[in-house]
Amino acid sequence: MFVTRGGGVDNPSGMKLKSLWEQTVAPLRARLDATDYETWIEPMEPLSASAESVEIGVPNRMFAAWVEENFLDELADAWVRAVGRRAQFRFTWRKPPAQGELFKNPADTGAVAVKPLQRPPLRGSSNGLLQRYDFGSFVVGPNNQFARAAAMAVSGQPGTLYNPLFLFGGVGLGKTHLASAIGHAIVEESPRSRVMFLSADAFTNRLIDAISHNKVQEYKNRIRRVDVLIIDDVQFLAGRDRTQEEFFHIFNALYERGRQIVLTADKFPHEMQGVEERLCNRFGWGLVADIQAPDAETRVAILERKAAEENIDLPLDVAKHIAERFDANIRDLEGALTRLSAWASLNRAEITLELARTLLGETSRGEKEPPTLDEIETRITTHYGLRPGDLQIRRRTRKVSEARQVAMYLMRVHAGASFPVIGQHLGGRDHSTVVHGCQAVEKRRKCDPRFRAMLETLSRSLGC
Ligand code: ADP
Ligand code: MG
């Protein structure tokens with residue numbers, strides 16, 4: 001089977017790529033709220049598909065990374081259900097355009113048309129390294145200075161200085177990035193070195209696969225031949241006795257031959273429960289370096305670097321706001337920036353402090369002012385995937401009327417606005433329309449748990 005954007009060229013079922021894709025995203029449409037769906041799923045455009053792979057056009061690299069991390073498994077499973085066989089997803093995007101052009105389309109409908117001009121694979125080649133995670137893109141701060149120095153030292157003299165290098169730290173603090181960077185630096189320095197980067201999960205799954213095909217020895221030999229073995233998230237070896245046993249032997253074999261081993265984990269070696277003592281001991285033989293949460297300056301520097309990479313025009317006050325709001329995890333920090341820039345380019349809006357506040361919410365610290373009517377309005381239009389101003393115009397689609405009534409209700413409840421003021425704000429509607437709207441929402445809130453949950457989510461995102 002081969003299908004293209006034009007239609008089902010050679011497809012026995014006669015099904016077009018577009019409708020296959022619609023089936024693929026259907027579960028996400030059902031699961032996600034409107035904003036997330038329209039921010040992340042709608043902009044993807046299926047470009048072509050063959051029996052083995054599907055090519056999807058996306059706005060930019062960060063978008064691809066986000067989708068890959070958050071939705072790829074679900075998409076891949078839904079694709080299997082729609083098509084009947086598993087395929088690899090490939091994302092393509094254009095060179096970073098100037099801001100505001102990310103989603104440009106000649107008809108100006110807001111729909112997305114992405115033409116792949118270049119095709120950088122998101123995953124690196126067969127060594128498993130993640131392509132964009134190198135030292136060049138790693139921002140140094142007091143929180144990661146030590147780990148980075150150790151990583152660079154290991155890259156300069158693999159197998160001799162610190163073996164193994166054990167990097168540990170909380171979720172989203174840069175362990176995978178740094179471990180990959182070591183691999184890249186070594187390959188760059190000596191292109192013939194054999195580097196293998198594997199998550200502990202992948203290591204386990206491949207081992208299970210090898211066991212079931214009677215190829216354990218082959219698998220172990222392949223790993224023993226590498227010069228550098230990087231295993232990410234070794235805490236996932238916990239409780240897997242057979243995997244630990246095999247890993248123990250691989251570790252020893254590599255170690256004895258002076259091959260570099262790099263490990264990452266979310267805990268200190270001896271705090272990993274369910275991992276054998278003898279392994280934990282070995283994990284501590286070389287150097288154990290931790291990565292802490294970044295301070296505010298480092299967070300701002302990371303945001304600025306990402307914004308520059310993606311050609312996003314990010315004012316300093318907005319960077320500071322995001323950095324204050326997301327202080328524990330760099331992945332969330334990046335996610336916030338991606339979300340903000342995707343929304344801004346979809347809506348042809350500039351990235352401003354006000355937009356950031358509305359979209360990402362306020363900081364949790366300090367006394368909170370009640371939200372303004374504008375904030376509520378923006379939050380609702382975002383949530384329902386509407387355009388600014390849609391609540392004011394006299395459109396009567398079900399989605400717009402529901403959104404408008406929810407806005408009325410939240411303005412009444414959270415901003416304490418009077419019915420006439422709300423009516424005025426929402427395009428000059430009269431007092432009785434607002435009363436009716438608030439009552440309708442209240443009634444539905446009482447009997448529809450999903451609707452109630454949505455109201456609660458909206459309220460929380462408004463800081464109420
Ligand atoms: P972990 O493996 O610790 O959970 P990751 O390495 O996956 O974290 O990092 C999460 C995200 O944050 C990645 O996109 C990574 O590029 C980014 N990141 C983490 N630390 C830094 C840093 N110091 N400079 C730039 N980006 C970083
Ligand atoms: Mg990681």
Side-chain angles (χ1 to χ4, degrees), residues 58 60-73 91 120 122-124 128-152 155 165-185 197-204 230-238 262-269 271-272 288-310 312 314 319 322-323 325-342:
V58 294
N60 56 39
R61 189 163 59 79
M62 257 162 78
F63 191 104
W66 179 276
V67 168
E68 199 192 45
E69 182 147 333
N70 292 282
F71 306 119
L72 188 59
D73 292 345
F91 296 103
L122 194 67
R123 299 266 172 208
L129 293 170
L130 293 162
Q131 206 177 41
R132 60 208 157 85
Y133 290 168
D134 55 21
F135 283 121
S137 59
F138 192 82
V139 174
V140 201
N143 60 310
N144 58 31
Q145 209 166 13
F146 178 65
R148 175 176 168 272
M152 290 180 92
S155 315
L165 174 64
F166 189 98
L167 299 168
F168 81 99
V171 174
L173 295 183
K175 303 180 297 290
T176 300
H177 189 141
L178 208 49
S180 283
I182 298 174
H184 283 301
F197 181 103
L198 270 178
S199 68
D201 265 338
F203 176 82
T204 309
I230 307 170
I231 303 281
D232 201 16
D233 288 321
V234 288
Q235 73 273 8
F236 291 132
L237 295 178
V262 177
L263 307 162
T264 78
D266 65 352
K267 292 185 188 69
F268 190 77
E271 285 166 5
M272 288 189 296
V288 177
D290 70 328
I291 306 183
Q292 300 282 338
D295 62 11
E297 271 172 31
T298 310
R299 297 198 299 276
V300 170
I302 289 173
L303 283 169
E304 291 190 319
R305 157 139 221 136
K306 301 277 168 195
E309 273 171 13
E310 301 297 327
I312 298 167
L314 179 70
I322 305 175
R325 177 86 182 67
F326 297 88
D327 58 0
N329 177 329
I330 299 170
R331 194 168 296 143
D332 291 351
L333 195 67
E334 282 184 1
L337 175 62
T338 310
R339 196 180 168 117
L340 192 60
S341 84

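Values below: every heavy atom of this structure, side chains too, minus hydrogens, waters and symmetry copies. Atoms within each ligand, like the ligands themselves, are counted from 1 in listed order.
Partners of Ile330 under the side chain to side chain contact (heavy atoms under 4.5 Å, CB included) rule, at least two apart in sequence or in another chain, are Pro294, Ile302, Glu334. Residues satisfying the side chain to side chain contact (heavy atoms under 4.5 Å, CB included) criterion with Asp201, sequence neighbours excluded, are Ser199, Phe236, Arg240.
Residues lining ligand 1 at a heavy-atom distance below 4.0 Å are given as Tyr133, Ser137, Phe138, Val139, Asn144, Gly170, Val171, Gly172, Leu173, Gly174, Lys175, Thr176, His177, Ile302, Lys306, Ile330, Arg331, Glu334, ordered by chain and residue number.
Between the side chain of Lys306 and the backbone N or O of Ile312, no donor-acceptor pair lies under 3.5 Å.
No side-chain donor from either of Asn143 and Gln145 sits under 3.5 Å from a side-chain acceptor of the other.
Here the closest non-hydrogen pair linking Ile322 and Leu303 is CB-CD1, 3.7 Å. Listed here is the closest heavy atom pair of Leu167 and Ala179: CD1-N, 4.2 Å. Of all heavy-atom pairs spanning Thr298 and Pro142, the tightest one is OG1-CD, 3.7 Å.
Between Tyr133 and His177, the angle of the ring planes stays under 30°, which puts this pair in the parallel group of the 30/60° scheme.
Shown are the protein N/O/S atoms under 2.8 Å from the Mg ion (ligand 2), given by residue and atom: Thr176 OG1.
A 4.5 Å side-chain heavy-atom check between Glu310 and Ser341 finds every atom pair outside the cut-off.
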